[in-house]
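What follows is a single structure, written as structure tokens, with notes after it.
Residue numbers begin at 1 in each chain, while the letters A, B, ... track the order of the sequences. Quick note: numbers below take in every heavy atom, side chains included, and nothing from hydrogens, waters or symmetry partners.
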Amino acid sequence: MGVTIYALRRLIASLILLIIASFLVFGGVRTIFDPTARLSKNKDVQARERERVRLGLDKPLIVQYKNWMSGVIKGDFGREDIGSEQVADKLKKGFSKTFELALWGALVAACFGITFGIVAAIRRNRPIDYAVTAFSYFGIAVPTFAFAYVLMNMFALWLPNYFGSSEPWLFTTATTQGSFARGYDGLWSLASISDYIRHMLMPIMVLSVQLIASWSRYQRASMVEALQSDYIRTAHAKGMSKYRVYTRHALRNSQVPMVTVMALDIGLLFQGLIITEFVFSIPGLGKVFTDALSVGDATTIAGWTLVTATFVILANLIADLLLPVVDPRIRTT
Amino acid sequence: MSGLEETKENDVSKQASKHIKETIVESIPPPIKFRALKRFYANRAATISVVFLVALIVLCYFPNLITDFSQNEQTAFKRLPPNSTNWLGTDLLGRDILTELLYAGQITLRIAIAVGIISTFIGSLAGAIAGYFHKIIDSLLMRVTDLFLVVPQLVILALALKKFGDEYIAMVLIISLISWMFTARLVRAQVLSLKSREFIDAAKMNGRSSIYIVFRHLIPNSWSVIAVSSAFTIAGAILLESTVSFLGFGVQAPLTSWGRMLYDFKGFAIGQYFYLFLSPALATFFTVLAFNFISDGLRDAFDPRSEQS
């Protein structure tokens, strides 16, 4: 089966999955929430009824969904149920912030996670291996938000107080617009870069801790497996330098399973940052979702599900298509 | 005379039995289950975790063993930092945090363990059936798993909890509903490898029905996988419960859980009253850690090969 046909088949299956998922979420929100409830005490008795007609709540659910979907196909995600903003604009704005965060988080996590995994595998059952394992247990078991608050206390309160600095080292919100407006000289000045880091470092730490924890474990396991294989022994036996054995043979082969794991996790980041964005009040996709959920805005939530689910599916697809590129042995089967 | 011979014979038989005991019986390895148990207890982290959890459960259900306060008992001392009477301090109503923590732990543990039982049951059943029949049911299971991968857990939980209210029973059912897939996938993989083994063929040739094979052969033989994944599921359930409760969708007052306490103390999370927030957070962290250790300990005990890697 050619790669193109395979990709096409996967795409069609994904489209069906997207339609089912968005319908379930749309229908779920519509049946559970009533966005017109806030108008029940309005002096204008007709107001609620008008709002119902405007939102199409008087029609059956399937018709509502069909109307929404036919808009989506034309690229129109509709207007939010409460308020006047276009859902597409909200999602775009949210996406740019979440993407920025996810990109940094994934980069940091990839650097540290892979390094930790390699070091732990090479120094197996030595103190540094135990340290990496302990760290990954920590990252897997700690509740995200609790860790975030510990960091906030540490870097915005305790450490600055202890060292007698007048302002927090790192800021607890990730909105940088305010400080840009304060008139730093240019985007690339030292002041504005340090300001950017001070705002973004804590959210990045929080979201990358879990990734580092799981990626280092995967990397360690696959590296250990590679190191135990015959071709490594051969490479050692023929007198290759240790460094070359590790980088050329073990590392390359251990990267194969990592491609899948990392691609999937990066795709999941687009929905997985809800808590991090909530805690650090970042106006990203997660914020769009929590805001919409608190008022029962089905149009926004369905659009959000469609967009984020697309990323998850795309990540899945990319992982599967990348695999034969990284590991030519898979191509032949 | 005859008595002497008897004792001689006795001696001989004793020696023989001693010999048998030493050389033959002790060289026979103990049954698989006990071997696994021994390996489990050799794992220090897992053993400590078991002790910790047993202690935690006892203390949660009998808090008076270590505290002098009753639940919701308000004292005049509000927002005390940790001291000798109130080991973890008091909250803004003057309640002893340690006592509240232990009572809240009852709900958290009850939710987590109930989720563990229910989702393990559903997951192992679905996984075994999907693995054994491998056609329509299998692809159905995979599609459902895909669907749950695409729609984030938090969305389902938030929607369902809004609908089915604050009953923690509803919470148990919903968390189970979204966490059984992990077990199902593992059991499915295990069943797929068991399916082609001889004893299944033998059972088939004996005319055993498929249901008999699934319940008497496949599920019991997947026991190790099921045990590992149930401990892991419980850990995940505790984290999920605390996350939804923290966002305000989960356990509602007057019930308290650790997640609910975190929600209540959210306003104190930064600043001098941080200890209010820290106690339930640490309780959650250590309990999740313990379940993770147990899960890994079980995996290593059942499958010694994984320990070496």
Side-chain angles (χ1 to χ4, degrees), chain A residues 13-14 16-18 20-22 24-25 28-29 31-33 121 124-125 137-138 140-150 152-153 156-158 172 220-222 224-225 227-228 264 267-268 270-272 274-275 278-279 286 289-290 293-294 296 301 304-305 308-313 316, chain B residues 45 143-144 146-156 158-164 232 235-236 238-249 258-259 262-263 265-266 268-272 274-275 277-278 280-293 295-296 306 308-309:
Chain A
S14 312
I16 296 169
L17 192 65
L18 276 180
I20 296 174
S22 63
L24 285 181
V25 171
V29 181
T31 45
I32 290 165
F33 289 92
R124 194 150 63 91
N125 294 335
Y137 269 112
F138 168 80
I140 290 167
V142 73
T144 322
F145 52 89
F147 181 57
Y149 282 122
V150 172
M152 284 188 194
N153 275 296
L157 213 64
W158 298 333
T172 54
R220 179 183 176 279
S222 71
V224 163
E225 203 189 321
L227 283 176
Q228 284 171 346
L264 283 182
L268 281 173
F270 288 95
Q271 347 180 288
I274 295 175
I275 302 290
F278 179 81
V279 172
F289 170 75
T290 33
L293 190 68
S294 61
I301 294 182
W304 180 88
T305 309
T308 55
T310 310
F311 282 109
V312 177
I313 289 173
N316 255 308
Chain B
R143 291 295 87 75
V144 172
D146 282 350
L147 192 65
F148 276 91
L149 188 74
V150 167
V151 183
Q153 296 178 330
L154 222 51
V155 178
I156 304 169
L159 286 181
L161 287 172
K162 200 88 182 174
K163 173 80 179 169
F164 299 110
F232 195 77
I238 295 174
L239 276 182
L240 208 55
E241 185 273 329
S242 76
T243 306
V244 263
S245 293
F246 172 75
L247 286 177
F249 297 111
W258 290 337
L262 289 167
Y263 175 76
F265 298 145
K266 198 159 60 177
F268 303 106
I270 303 174
Q272 66 176 121
F274 179 64
Y275 62 89
F277 189 82
L278 192 64
L282 281 182
T284 313
F285 171 67
F286 282 118
T287 315
V288 172
L289 198 64
F291 277 110
N292 279 339
F293 277 137
S295 173
D296 284 1
S306 65
Q308 282 150 23
S309 66

Are the side chains of [Y] and [X] in contact, using a 4.5 Å heavy-atom criterion?
| X | Y | value |
| --- | --- | --- |
| F33(A) | L159(B) | yes |
| N316(A) | D146(B) | no |
| F274(B) | W158(A) | yes |
| L24(A) | V151(B) | no |
| V279(A) | F246(B) | yes |

Determine the option with the most heavy-atom pairs under 4.5 angstrom with chain B, choosing from [options].
| options | result |
| --- | --- |
| L227(A), I16(A), N153(A), T290(A) | N153(A) |
| F278(A), F147(A), F311(A) | F278(A) |
| I20(A), V150(A), T144(A) | V150(A) |

Side chain to side chain contact (heavy atoms under 4.5 Å, CB included) partners for A13(A), two or more places apart = none
For T243(B), side chain to side chain contact (heavy atoms under 4.5 Å, CB included) partners two or more places apart = F145(A), I275(A), L154(B)
Closest heavy-atom contact between [X] and [Y]?
| X | Y | answer |
| --- | --- | --- |
| V150(B) | A21(A) | CG1-CB, 4.1 Å |
| Y149(A) | I270(B) | CD2-CG1, 4.0 Å |
| V155(B) | W304(A) | CG2-CZ3, 3.7 Å |
| N292(B) | A141(A) | ND2-CB, 4.0 Å |

Would you mind checking which part of L262(B) comes under 4.5 Å of any heavy atom in chain A, side chain (CB onward), backbone (N, CA, C, O), both or neither?
-> side chain
Pick one of side chain, backbone, both or neither for A269(B), based on which atoms fall under 4.5 Å of a heavy atom in chain A.
-> both
Bottom line for L293(A): the part with an atom under 4.5 Å from chain B's heavy atoms is side chain
More than 12 heavy atoms of other groups within 6.0 Å of F270(A) CZ = yes
Steps toward side chain to side chain contact (heavy atoms under 4.5 Å, CB included) verdict (Y137(A), F293(B)) | CA-CA 9 Å; Y137(A) 269 112; F293(B) 277 137; 3.6 Å; yes
